[in-house]
Amino acid sequence: MLVRCALCVALMLLAWSAVAEAGAFQGTRSPGLRPDSRGSQAAGAREAPAFPPRRRIRAARRYVRGRALSSFALIDTRGRLHGFAAHRRYISASVSKAMLLVAYLRQVGPRRPNAAERATLGPMITMSDNHRADAVYARVGDGGLLRVARRARMRDLTVAGYWGSVFFSAADQARFFRRLPSMVPRRSRPYARRLLSSIIPAQRWGFWRVSVQRGWRTFFKGGWRQTQRGSLVHEAARFERGGQHFSLAVLTDGNPSHAYGTATLRGVAARLFGPRRQTRAAYSHAVRSRPR
């Protein structure tokens with residue numbers, strides 16, 4: 001009987017010692033770290049691969065070398081700048097209207113634009129209306145554009161007294177579209193996003209035709225005009241999908257035709273986005289779900 005009691009006491013002491021040791025070990029955990037969360041934190045620390053991948057960026061560079069005078073720049077999903085002749089400067093054409101929109105909304109401040117302002121800003125972006133752009137430029141001036149450029153960390157931009165005579169690089173526009181949401185006052189952000197994703201069908205001749213098919217929401221502005229070299233065709237955009245985003249700008253001049261220039265935009269986009277993987281139904285859903 002005495003032997004049995006002694007054995008019970010010994011077992012109880014051993015169990016108490018084990019519990020105490022376990023408590024001491026658990027007390028060394030980092031504050032707030034649950035025992036079952038270490039594996040998930042380690043997995044979360046591994047970043048998703050950058051998009052677009054480097055092999056596709058190399059393919060876009062090879063393609064652009066064989067086209068008319070062209071440059072492109074992108075800032076990938078990890079925030080790294082890539083491109084080809086990314087700091088070559090071009091005259092802006094209508095791409096600068098996206099900058100006018102941001103400059104105006106920053107002047108408006110915390111309130112939403114009123115009906116009269118929307119009647120000016122909307123057609124300037126969705127239809128690329130030049131008369132409305134003149135009216136907005138008269139309000140914001142070179143100073144407004146330069147303030148937006150500084151905020152976006154654009155390094156190659158100059159202003160020559162008119163919105164259509166701004167000079168910038170593809171790197172400038174990639175930086176601008178990457179930072180665009182943070183530059184617009186919070187209450188006006190949905191409005192700005194709606195405009196930049198609602199360009200009229202006749203002007204969706206570039207990235208949109210490729211990116212939407214791959215499931216990316218696309219916010220963009222294009223520009224075109226004739227120059228001494230030939231046809232100038234530009235486009236700059238921000239793409240969002242599944243919590244990721246990246247920006248892209250393709251600037252071209254000396255194109256033999258507008259169609260040739262728009263083909264360059266699509267050619268770069270096709271190489272960056274890769275093969276289409278969506279069904280026709282998914283593509284139709286992406287088109288129907290665009291903000292109006």
For the aromatic rings, using the six-membered ring if either is Trp, is the centroid distance between [X] and [Y] under 6.0 Å?
X      : Y      : result
Phe51  : Trp216 : yes
Phe84  : Phe72  : no
Tyr90  : His234 : yes
Phe273 : Phe246 : yes

Using side-chain heavy atoms (C-beta onward) and a distance below 4.5 Å, is [X] in contact with [Y]?
X      : Y      : result
Arg225 : Ile91  : yes
Phe239 : Leu248 : yes
Leu100 : Val140 : yes
Leu157 : Leu145 : no
Gln173 : Phe168 : yes
Asn255 : Leu232 : no
Met124 : His131 : no
Thr120 : Pro113 : no

Got a donor-acceptor contact below 3.5 angstrom from the [X] side chain to the [Y] backbone?
X      : Y      : value
Arg266 : Val210 : no
Arg179 : Ala152 : yes
Gln203 : Ile200 : no
Arg88  : Ser70  : yes
Arg178 : Ser247 : no

In this structure, are over 12 heavy atoms from other groups packed under 6.0 Å from [X] atom [atom1]?
X      : atom1 : result
Arg139 : CZ    : yes
Arg54  : CZ    : no
Arg78  : CZ    : yes
Arg111 : CZ    : yes

(Q) So, applying salt bridge (Lys or Arg N to Asp or Glu O under 4.0 Å) with Glu240, which one of Arg217, Arg214, Arg193 is it? (A) Arg193
**Q.** Cationic tip of Arg67 above Tyr260 ring, under 6.0 Å, 45° of axis
**A.** yes
**Q.** Criterion side chain to side chain contact (heavy atoms under 4.5 Å, CB included) on Tyr63 and Val268, from CA distance to verdict
**A.** CA-CA 7 Å; Tyr63 172 74; Val268 172; 4.0 Å; yes
[atom1]/[X] to [atom2]/[Y] distance, rounded to the nearest 0.5 angstrom?
X      : Y      : atom1 : atom2 : answer
Met127 : Leu195 : CE    : CG    : 12.5 Å
Thr262 : Arg209 : OG1   : CZ    : 7.0 Å
Arg62  : Ile57  : CZ    : CD1   : 11.5 Å
Arg132 : Thr126 : CZ    : OG1   : 9.0 Å

[X] to [Y] - nearest heavy-atom pair and separation:
X      : Y      : result
Met183 : Arg106 : O-NH1, 2.8 Å
Lys221 : Ala98  : CB-CB, 4.2 Å
Ile125 : Ile199 : O-CD1, 3.3 Å
Arg151 : Ser182 : NH2-O, 4.5 Å
Ala192 : Leu105 : CB-CD1, 4.0 Å
Leu251 : Ser169 : CD1-C, 3.5 Å

Q) Do NZ/NE/NH1/NH2 and the carboxylate oxygens of Asp156 and Arg89 come within less than 4.0 Å? A) no
Q: Before giving the answer on side chain to side chain donor-acceptor pair (under 3.5 Å), spell out for Ser211 and Thr218 the whole-Å C-alpha distance, their side-chain angles and the decisive distance to 0.1 Å.
A: CA-CA 7 Å; Ser211 59; Thr218 305; 2.6 Å; yes
Q. Yes or no on side chain to side chain contact (heavy atoms under 4.5 Å, CB included) for Val250 and Glu235, after CA distance, side-chain angles and deciding distance?
A. CA-CA 6 Å; Val250 178; Glu235 196 161 89; 5.7 Å; no
Q: Given side chain to side chain donor-acceptor pair (under 3.5 Å), test Tyr137 with Asp142 step by step and report yes or no.
A: CA-CA 8 Å; Tyr137 178 74; Asp142 290 352; 2.3 Å; yes
Q: Compute whether any side-chain donor of one residue and acceptor of the other, for Trp163 and Asn130, lie under 3.5 angstrom apart.
A: no
Q) Using 30° and 60° as the class limits, which term best fits the ring planes of Trp224 and His258: parallel, tilted or perpendicular? A) perpendicular
Q.
side chain to side chain donor-acceptor pair (under 3.5 Å), that's the test. Do Lys97 and Ser128 meet it? Break it down for me.
A. CA-CA 8 Å; Lys97 291 171 183 171; Ser128 205; 3.0 Å; yes
